[in-house]
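All remarks here apply to the structure that follows.
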Amino acid sequence: MAEQTPHTGVIIPAAGSGSRMGAAVPKQFLCLADEPILVHTVRAFLRSDAVATVVVVVPPPHEEQTRQLLARHLAAGQLARLVFTIGGATRQESVRAGLAALPGGIDIVLVHDGARPLVTGEVIQRSIAGVREHGAVIAAVPVKDTLKQVDGAGRIVRTVDREGLWQAQTPQAARRDLLERAHALAEAAGFTGTDEASLLEHAGIAVYVAEGDEGNIKITRPGDMALAAGLLRGEGSMKIGHGFDAHRLVEGRALVLGGVRIDFDRGLLGHSDADVLTHALIDAILGAAGAGDIGSHFPDSDQRYQNISSIRLLEETVALAGQRGLRLANGDMTILCQQPRLAPHLAAMRDNLALACRVAPDRINIKATTTEQMGYTGRGEGIAAHAVVLLQPVTTIPEAPCR
Ligand code: MG
């Protein structure tokens, strides 16, 4: 049920060095399914009608970068509900800075990790409802797995009873006055808590659990990126694609297949180098990525592509699939060619295509067949090629932040 006047403010402490991710940039800037993690996180809250303001707390060196990033990815109407403020050295100081930056009229505050981009509208709603009922709640899920306490040598000391044990997530939410009081008391006492709940508990304020979500993961380690990307896409992530191409054999042209120049008295006619095998592979990748076809990306009418090596076009295609979070899992191709004999060249073609696709050669398979003198390939009028590919989600951590 949407409110008439939203009274909820969200604080997102977006600091964190990302050291556990092995990345050079704070993890909230890393690209997840085409967008920075922080953009996914902020947008999840801006989708809620109950949220009036989202305060993004950033460490000083990244203030401008964060502003620009969010401005690039969010709509103007969404940006109007954002407030930026400078954070402190610790999460606790950053949240305190966020509290100070909240506008008046806000009486419910949700604090949420910048690196938890998969928070759902339902979890946000339950957090707000929980504050109305109890004053302070945190999103949490019951512990499912058996817990073992082990000693320094890795030997199990005892089995911990998981009855009544919950894993804390965020949002951690409270009435604004309670959270402000908890922070003031912690500061006065020199108490440092690991989360908002621990500050509230320290202040003697009862905190309840609101049902979280198993998918509301915090991106901490490199493997979390692949998991989060898969959850964000919300679908089976393998993509299949097919490509077919044919070119006419003419005199006075070089024969290039899979980037290999082959000694022959004729070559393939086309605007580019007419590398029919590479064209079929490009179309298969574009097909799997849901990105149209070779003609729409590299039109014949464009002078840039005249006589260009099709391997360059393949590299661009692979980059485009990468922007969509996909990389080649494997590709299988068949060349239909009566003459010349291609068997001696297949390994070199495979190596060229694998290099352009940035995969190991064993992920590429190329076969050649004649058509027993039947049809246009059999009569030597042209050469044709089929390609089938499987694309998989990119699972490596991008070294550069999202643009
Ligand atoms: Mg072609």
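Indexing begins at 1, ligand by ligand and atom by atom, following the structure's order. In this text the structure is predicted, and so the values were computed from the model without any measurement.
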Can you list every salt bridge (charged side-chain N to carboxylate O under 4.0 Å, His left out) pair that touches residues 331-346, not counting sequence neighbours?
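Those involving residues 331-346 are Asp332-Lys367.
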
Between His112 and Ser127, is any side-chain donor less than 3.5 angstrom from a side-chain acceptor?
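Their side chains do not contain a donor-acceptor pair, so the 3.5 Å distance test is not met.
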
Count, waters excluded, of protein N, O or S atoms under 2.8 Å from the Mg ion (ligand 1)
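Those protein atoms number 3 in total.
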
Over 60° means perpendicular and under 30° means parallel, so tell me whether Tyr208 and His134 are parallel, tilted or perpendicular.
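Geometry flag for His134 against Tyr208: parallel rings.
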
Results of side-chain contact (heavy atoms from CB on, under 4.5 Å) for Arg350 - residues two or more places apart only:
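Checked Arg350 against side-chain contact (heavy atoms from CB on, under 4.5 Å); matches are Ala347, Pro361, Ile364, Ile366.
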
Side-chain donor/acceptor pairs under 3.5 Å, residues 259-267, sequence neighbours excluded:
residue	atom	partner	partner atom	Å
Arg266	NH1	Gly380	O	3.1

Gln149, CD atom: more than 12 neighbouring heavy atoms under 6.0 Å:
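Enclosed.
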
